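Worksheet: the structure to be examined is printed underneath.
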Number of protein chains: 2
Amino acid sequence: MNEKKERIISAAKELIAQYGFKKTTMDEIAAKARMGKSTMYYYFKNKEDIFAEIVRIDSDLFRQKLIDAIQAAYSPQDKIMQYVRTRMLHLKELSNYYKTLTNEYLDHYFFIEQVREDFYSFENKILSDLIKEGIQQNIFTPCDIDVVVHMIAIAIKGLEYPLFIQKEQDLEKDSKQMIEIIFKGIEVKA
Amino acid sequence: MNEKKERIISAAKELIAQYGFKKTTMDEIAAKARMGKSTMYYYFKNKEDIFAEIVRIDSDLFRQKLIDAIQAAYSPQDKIMQYVRTRMLHLKELSNYYKTLTNEYLDHYFFIEQVREDFYSFENKILSDLIKEGIQQNIFTPCDIDVVVHMIAIAIKGLEYPLFIQKEQDLEKDSKQMIEIIFKGIEVKA
DNA sequence: TTTTCGACTATAAAACGGATTTGGTCGAGG
DNA sequence: CCTCGACCAAATCCGTTTTATAGTCGAAAA
């Protein structure tokens, strides 16, 4: 990526982290990036485009982090565990970094929706593959994979909840215990 | 409860369902309840008090419904299943009925918080007892009950999510499958 | 040609202030 | 013990003006 583009992204990123999306103005970004406002329009179509790029980059880093976490683990169980754990911790970091942004959560910007959807299908693919792998290794019981993945996704949503309402929780512990239960169940084995 | 009080509650309830909390005025309630506005202040301390009472009543009905659902089931598994199922379906009804209110979700009124907390400890008690019962009957594995209850609560939060973002989902099916997994797990039994 | 920017515009948001609404009180009277 | 009309202060609404902001354009620098 162009050095100028990076300056813009970097400036915008800091500002948005501090002030949020709406409150950050193009003038501020230009000042921080040390260039005329108009210049930025040579590199980006518009304001949204800048933020879309930021989100895209962050999203890519996030995915890579998740992939790394999975690859560092061995068993399917551990891979899933590490996936969820890493996901929650990263989300916590994010929600911490973009604190002001959490408030704008409601006015969902369409480009974020796009990234979100893409992320969900990425997540779906990963989890599906891990479940499949586990079944092949006779570790997980043969089952409707889509259902299981959907349930894990729902559980993850539940784990995310405290982040949304800014409630302090031990995400790591909760994640671990949740996945544990999904693996073992709570019924006595026949 | 006093007949007048009921008239007020009933009028307020209809109006709040249609227009939401903030948009419903005391004058409107008074008109619908066929009495002078001042009269209402003989029965209720203030506007919030009226809505608090509505919420309290609804909450009581909700609890009773849940208790009934549990009592109609036999095994601990079925009781938990019916609990979650009934809870989700009722919540869906509610969120449907108070459609406009969902938008006011953010400006959380403190008296709702109170009811919410009370409900959570009610729920916690119910689920704890059911898990305990299951363990005693050698149906569930001995475990940290608080943890299991917390996990079920988290799973429920995840199930609630589509209601919050007004996304269509088959809550009944999802509830069933989620509880199923929490019971059975997905690992092959040793 | 590619890149930069100051001057400019159109539009959206904020500030404002007066009129209206609204939650709540009070004292008279049923 | 109830009911209510008259009343008040504070909040809300609403039309208007001012300001801020995203985005354009053409000239000029590199």
Side-chain angles (χ1 to χ4, degrees), chain A residues 1-56 100-101 103-114, chain B residues 1-56 100-101 103-114:
Chain A
M1 193 189 346
N2 189 310
E3 182 261 342
K4 294 286 172 57
K5 243 180 154 173
E6 270 177 31
R7 283 232 308 274
I8 297 170
I9 290 290
S10 159
K13 202 172 167 179
E14 285 182 47
L15 288 167
I16 201 190
Q18 185 165 11
Y19 303 114
F21 179 42
K22 273 190 291 196
K23 293 260 184 190
T24 299
T25 73
M26 292 300 272
D27 288 294
E28 287 173 315
I29 300 174
K32 190 148 204 155
R34 302 188 314 282
M35 65 180 71
K37 183 176 63 165
S38 314
T39 306
M40 299 195 297
Y41 284 89
Y42 180 76
Y43 296 99
F44 292 96
K45 200 165 101 269
N46 52 33
K47 186 181 175 183
E48 250 181 22
D49 201 32
I50 297 178
F51 294 124
E53 182 76 3
I54 292 178
V55 172
R56 207 189 51 72
T100 54
L101 206 82
N103 306 334
E104 298 183 35
Y105 191 86
L106 327 171
D107 0 285
H108 17 254
Y109 310 106
F110 83 96
F111 61 89
I112 290 193
E113 288 306 320
Q114 187 54 53
Chain B
M1 191 188 349
N2 190 310
E3 182 262 343
K4 293 286 170 58
K5 239 179 156 173
E6 270 176 32
R7 281 231 308 274
I8 297 170
I9 290 289
S10 158
K13 202 173 167 178
E14 285 182 47
L15 287 166
I16 202 189
Q18 184 164 13
Y19 303 114
F21 179 42
K22 273 191 291 196
K23 293 261 184 188
T24 299
T25 72
M26 292 299 272
D27 288 294
E28 287 173 314
I29 299 174
K32 189 149 205 157
R34 302 187 314 280
M35 64 181 70
K37 181 177 62 164
S38 315
T39 306
M40 298 194 297
Y41 284 87
Y42 180 76
Y43 296 98
F44 294 96
K45 200 166 100 271
N46 52 32
K47 188 181 177 183
E48 251 181 20
D49 200 33
I50 297 178
F51 293 124
E53 181 75 6
I54 292 178
V55 171
R56 208 190 49 72
T100 54
L101 207 82
N103 305 333
E104 297 183 36
Y105 193 85
L106 328 173
D107 356 290
H108 16 252
Y109 311 106
F110 83 96
F111 60 90
I112 289 194
E113 290 306 319
Q114 187 54 53

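Computed from a predicted model, the values in this text were never measured in an experiment.
Whole-Å rounding puts the A/E48 CD to D/dG23 P distance at 8 Å. Whole-Å rounding puts the A/E28 CD to D/dT21 C1' distance at 11 Å. Computed from coordinates, the A/D27 CG to C/dA7 P distance equals 14 Å when rounded to whole Å. Atom-to-atom, CG of B/N46 to C1' of D/dA9 comes out at 16 Å; the value is rounded to the nearest Å. Distance B/K5 NZ to D/dC2 C1': 14 Å, rounded to the nearest Å. The CZ atom of A/F21 sits 11 Å away from the C1' atom of D/dA22 (whole-angstrom rounding). The interatomic distance linking B/F44 (CZ) with C/dG23 (C1') rounds to 16 Å, in whole Å. Taking atom CE on A/M26 and atom C1' on C/dG6, their separation rounds to 16 Å, with Å as the unit.
No option in B/F111, B/F44, B/Y41 other than B/F44 meets the side-chain contact (heavy atoms from CB on, under 4.5 Å) test with B/D49. When each of A/T24, A/I54, A/I50, A/I29 is checked for a side-chain contact (heavy atoms from CB on, under 4.5 Å) with A/K13, only A/I54 meets the rule.
The base of D/dG5 has none of its N or O atoms less than 3.5 Å from a complementary donor or acceptor on the side chain of B/K37. No N or O donor and acceptor, one from the side chain of B/K47 and one from the base of C/dG24, sit under 3.5 Å apart.
Residue contacts shown for B/T25 are limited to sugar-phosphate atoms, with no base heavy atom under 4.0 Å away.
Distance from the side chain of B/Y43 is smallest for D/dC2 among the nucleotides D/dC2, D/dA22, C/dG24. For B/S38, the side-chain atoms get nearest to C/dT25 when compared with the rest of C/dT25, D/dC1, C/dA7.
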Exercise for the section: Applying side-chain contact (heavy atoms from CB on, under 4.5 Å), run through A/F21 and A/E48 and close with a yes or a no. Expected result: CA-CA 9 Å; A/F21 179 42; A/E48 250 181 22; 4.3 Å; yes

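For D/dC2, the OP1/OP2 oxygens have no side-chain nitrogen or oxygen of B/T39 closer than 4.0 Å.
Mapping A/M35 and B/K45 onto DNA chain C by nearest heavy atom places A/M35 at the nucleotide closer to the 5' end.
Note: A/F51 and A/Y109 fail the aromatic proximity criterion, with ring centroids not under 6.0 Å apart.
No side-chain heavy atom of B/Y42 sits less than 4.5 Å from a side-chain heavy atom of B/I8.
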